[in-house]
There are 2 protein chains.
Amino acid sequence: MSDRPPTLHDVARHAGVSTATVSRVLNGGPVRPGTARLVRDVVKRLGYVPNQVARGLVTGRSMVVGVLVPDLVGPLNAAIARGVEDVLEAHGMHAVIVTDHRDVVREAKRIETLVARRVDGLVLIGSELDDPTLTDVTATTPVVHVGAERAPSDERFPEVRIDNQAGIEKALARLAELGHRRIAHLAGPRRDGRERHDAIRQLAPRYELALAHVVDTDFSEEAGRDAGATLLRHRDFTAVLCANDRSAAGFYQAARDEGLNLPDDLTVVGFDDLPWSAYLDPPLTTLRQPGRDMGRLAAERLLHPEASDAWRGVRTLVPNLVARESMAPPPT
Amino acid sequence: MSDRPPTLHDVARHAGVSTATVSRVLNGGPVRPGTARLVRDVVKRLGYVPNQVARGLVTGRSMVVGVLVPDLVGPLNAAIARGVEDVLEAHGMHAVIVTDHRDVVREAKRIETLVARRVDGLVLIGSELDDPTLTDVTATTPVVHVGAERAPSDERFPEVRIDNQAGIEKALARLAELGHRRIAHLAGPRRDGRERHDAIRQLAPRYELALAHVVDTDFSEEAGRDAGATLLRHRDFTAVLCANDRSAAGFYQAARDEGLNLPDDLTVVGFDDLPWSAYLDPPLTTLRQPGRDMGRLAAERLLHPEASDAWRGVRTLVPNLVARESMAPPPT
DNA sequence: CTGTTAGCGCATTCAT
DNA sequence: ATGAATGCGCTAACAG
């Protein structure tokens, strides 16, 4: 039952050839068709599977790239990881996903073990490490960021990220078009939260929109509800931009508690477009993050640093405004 | 920049000792404090990180267990994975997560590459492989299932799974208690879907509940909405049990389209308790799956097959009924 | 306590 | 087209 798995050597012995020959039929070296068939038979019969550890040791490549994700809840990270897998698979490589649960120390540790395992590359989602630490810990392993927490300045670390400003502008433009004049914002934490907040502050005037109130959240439903309750003590705004869909869901609840009728009394806009956002009541208008595309881009960049359509530094993607029923003209 | 990472040998040379000594200070062998300090200094100065691939080749252990998950969307899988990580981390091991996107062929391939990488164990979530195939592909690697798609009969494959029947019974009991008499079911696919459906059919009479209608879904929000629309052509039931929370969210939309008022007109119960289920309108009553606990149990079983509290075959966990506002007495 | 030796399983020269 | 030999980086006896 628990006998040692068959090795290259076993196969060679059973087939009456040398290990070199077996290695060749496995990797496509020059070998006579007859012997090849014979060897393949033995391989199948023994259920031989090449030991990737040993192979990796000699080739220096592991054919796997590590994907570090803050956490697995949240379909956005899942989508990004999926995008990475798409292109890896097309190259015969594999993605292993590792979580760090948003903890800088743990993140560094995780990266270290990934590097120690000699992954061929690293996709870091929402990394919180600064460039020096990262340089230190990644050694010679190539890295690509997706939505890094601290803007990388080091040329070694290219980044794919969402263009929060462009997204916010789309939303603001539409709100203005509908006739809104005063808005509120459920702000979020971290870089995305700040960028969205800054964008609103900066761009609102351009659309003759006044930013009446801002309340902080931590991106969670609960925080959204609490912030909503706070916000709704005032009623001098007709639309609220939420930093993400989860907080928007929480805000919905606060609005219901206040007896508000969405969207007639108030317009709500989210950010992300999660799978269930269309099933809220009313269906949520939101800015869709193209997670899968972001993952694809990152992986391409990792695998082909010198591609024709190469880019350096940061590569930015613009979210789409998905208009649903939570958005309406302001009450008259 | 891209020079070869330092090896044990490099460290030994720089420190003027043998590789064996370096290996000892790294792994805690007997070594004079002075030399140890010296070596540690060199290690730090060179930024040496042990090559786990080489280490794994000689020790035969990789200190990582593979977690195969159908997909990453869906917080439940995330919770399970998290539970696995909990106990692995406590043992100085690591979890790598690999997805198969619900494809039997891909699943087998993924497992094969994991085994080829000599992971020390495998946690298979919602696996669709049958025992023979699995035996074939896992060779000597220990495996634990979480919610396998096909009930494993082989002693080699222990399983942790949710007790769907017990969960359904809790819901039925509560519905009966509230005075409901006729219910409907949004059925789901796969084993969980079937078990829940069977449980309802089998247990409903015991609570004097008539199962008026059953409509199939694929667990998605969209299917829930469509099934809801179909279901609501009849109005001879006062409560609907949804196979999962996502389809319940879809059902909500169908109910709104029909102008129904939840829960006054109709009681809705889900299954899973996803993070946003409490933020639906009305907050969804549902059966909570203890994902993290399931993951923990599975990992413990993997690491300590002979523990005192050992179990064989299947180990079952009972979901809790989380009562929220979507449940009420039937309209009078 | 420390150095030497011998593989772990495989890919890759270099011969033949 | 094939075999023998070498080494990837490390740990584990075995001596000293």
Side-chain angles (χ1 to χ4, degrees), chain A residues 3-40 42-43 46-63 92 112-113 115-120 139-141, chain B residues 3-40 42-43 46-64 112-113 115-120 139-141:
Chain A
D3 42 11
R4 174 185 54 72
T7 71
L8 227 210
H9 187 257
D10 296 330
V11 177
R13 199 157 39 76
H14 282 244
V17 299
S18 77
T19 62
T21 300
V22 178
S23 177
R24 285 194 189 94
V25 349
L26 260 40
N27 303 306
V31 56
R32 185 145 31 91
T35 14
R37 234 176 15 74
L38 168 62
V39 169
R40 256 186 264 280
V42 178
V43 165
L46 262 46
Y48 169 73
V49 176
N51 183 333
Q52 292 297 133
V53 178
R55 178 179 294 188
L57 185 57
V58 34
T59 62
R61 302 192 53 190
S62 61
M63 298 301 275
E112 220 168 292
T113 78
V115 169
R117 267 178 214 315
R118 297 299 187 264
V119 294
D120 293 337
T140 72
T141 308
Chain B
D3 41 11
R4 174 184 55 72
T7 71
L8 227 210
H9 188 256
D10 295 331
V11 177
R13 198 158 38 76
H14 283 246
V17 300
S18 76
T19 61
T21 299
V22 179
S23 177
R24 285 193 190 95
V25 348
L26 261 39
N27 302 307
V31 57
R32 184 147 30 91
T35 357
R37 234 177 16 74
L38 169 62
V39 169
R40 257 186 264 280
V42 179
V43 165
L46 262 46
Y48 168 74
V49 176
N51 183 333
Q52 293 296 133
V53 178
R55 178 181 299 197
L57 185 57
V58 35
T59 62
R61 301 192 54 189
S62 60
M63 299 301 276
V64 350
E112 219 168 292
T113 78
V115 170
R117 278 192 199 316
R118 297 299 186 264
V119 293
D120 293 337
T140 73
T141 308

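Side chains included, hydrogens not; waters and symmetry mates left out as well; all remaining heavy atoms used. Labels below follow one simple rule: chain letters A, B, ... track the order of the sequence lines, proteins then strands, and each chain is numbered from 1. Bear in mind the structure is a predicted one, so any value in this text is a computation, not a measurement.
- Looking at A:Val49 and B:Val115, their side chains never come closer than 4.5 Å, going by heavy atoms from C-beta outward.
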Would you tabulate the nitrogen or oxygen pairs shorter than 3.5 Å linking the protein to nucleotides 12-16 of chain D?
from   : atom 1 : to      : atom 2 : distance (Å)
D:dA13 : N6     : B:Arg24 : NH2    : 3.4

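- Under the 4.5 Å side-chain criterion, counting only non-hydrogen atoms from C-beta, B:Leu8 is in contact with B:Ser23.
- Residues A:Arg24 and A:Val17 have side chains not in contact (no heavy-atom distance under 4.5 Å, counting atoms from C-beta outward).
- B:Leu26 is listed as a side-chain neighbour of B:Val43, based on a closest heavy-atom distance under 4.5 Å.
- With a 4.5 Å cut-off on side-chain heavy atoms, B:Val64 and B:Arg117 do not count as touching.
- The nearest whole Å value for the distance from the NE2 atom in A:His9 to the P atom in C:dC10 is 11 Å.
- Atom CE in B:Met63 sits roughly 13 Å away from atom P in D:dT11 (whole-Å rounding).
- Here the C1' atom of nucleotide D:dA4 and the CZ atom of A:Arg13 are 18 Å apart, to the nearest Å.
- Note on A:Thr7: every side-chain N or O is 4.0 Å or more away from OP1 and OP2 of C:dG9.
- Of the possible polar contacts, one joining the B:Ser62 side chain to the B:Arg118 backbone as a donor-acceptor pair under 3.5 Å is found.
- Distances were taken from every side-chain heavy atom of B:Leu57 (C-beta onward) to each of D:dT2, C:dC10, C:dG9; the shortest belongs to C:dG9.
- A:Val25 has its side chain out of reach of A:Thr35: every pair of non-hydrogen atoms, C-beta onward, lies at least 4.5 Å apart.
- The CZ atom of A:Arg117 sits 17 Å away from the P atom of D:dG9 (whole-angstrom rounding).
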Step by step, work out the side-chain contact (heavy atoms from CB on, under 4.5 Å) result for B:Val31 and B:Val39. CA-CA 10 Å; B:Val31 57; B:Val39 169; over 6 Å; no

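- Between B:Arg37 atom CZ and C:dC1 atom C1' there is a gap of 17 Å when expressed in whole angstrom units.
- Taking only side-chain atoms of B:Pro30, from C-beta outward, the nucleotide of D:dC10, C:dC10, C:dC1 with the closest atom is C:dC1.
- Relative to the side chain of B:Asn51, the nucleotides D:dT2, C:dC10, D:dG9 differ in distance, and D:dG9 lies closest.
- Residue-level contact check: A:Val17 touches the backbone only, with heavy atoms under 4.0 Å from sugar-phosphate atoms and none from bases.
- Atom CZ in B:Arg55 sits about 18 Å away from atom C1' in C:dG9, given to the nearest Å.
- Taking side-chain N and O atoms only, A:Arg32 has no distance below 4.0 Å to OP1 or OP2 of D:dA1.
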- Query: Please walk me through it: do A:Val119 and A:Thr141 pass side-chain contact (heavy atoms from CB on, under 4.5 Å)?
  - Reply: CA-CA 8 Å; A:Val119 294; A:Thr141 308; 4.2 Å; yes

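- By the 4.5 Å heavy-atom criterion applied to side chains, A:Thr113 and B:Met63 are not counted as neighbours.
- The end-to-end axis angle of the helix from C:dC1-D:dG16 to C:dT16-D:dA1, rounded to 10 degrees and based on five pairs per end, is 40°.
- Distance A:Arg61 CZ to C:dT12 P: 11 Å, rounded to the nearest Å.
- Computed from coordinates, the B:Asp10 CG to D:dC10 P distance equals 9 Å when rounded to whole Å.
- Toward the 5′ end of DNA chain C lies the nearest nucleotide of B:Ser18, the other residue of the pair B:Ser18 and B:Arg118 mapping further downstream.
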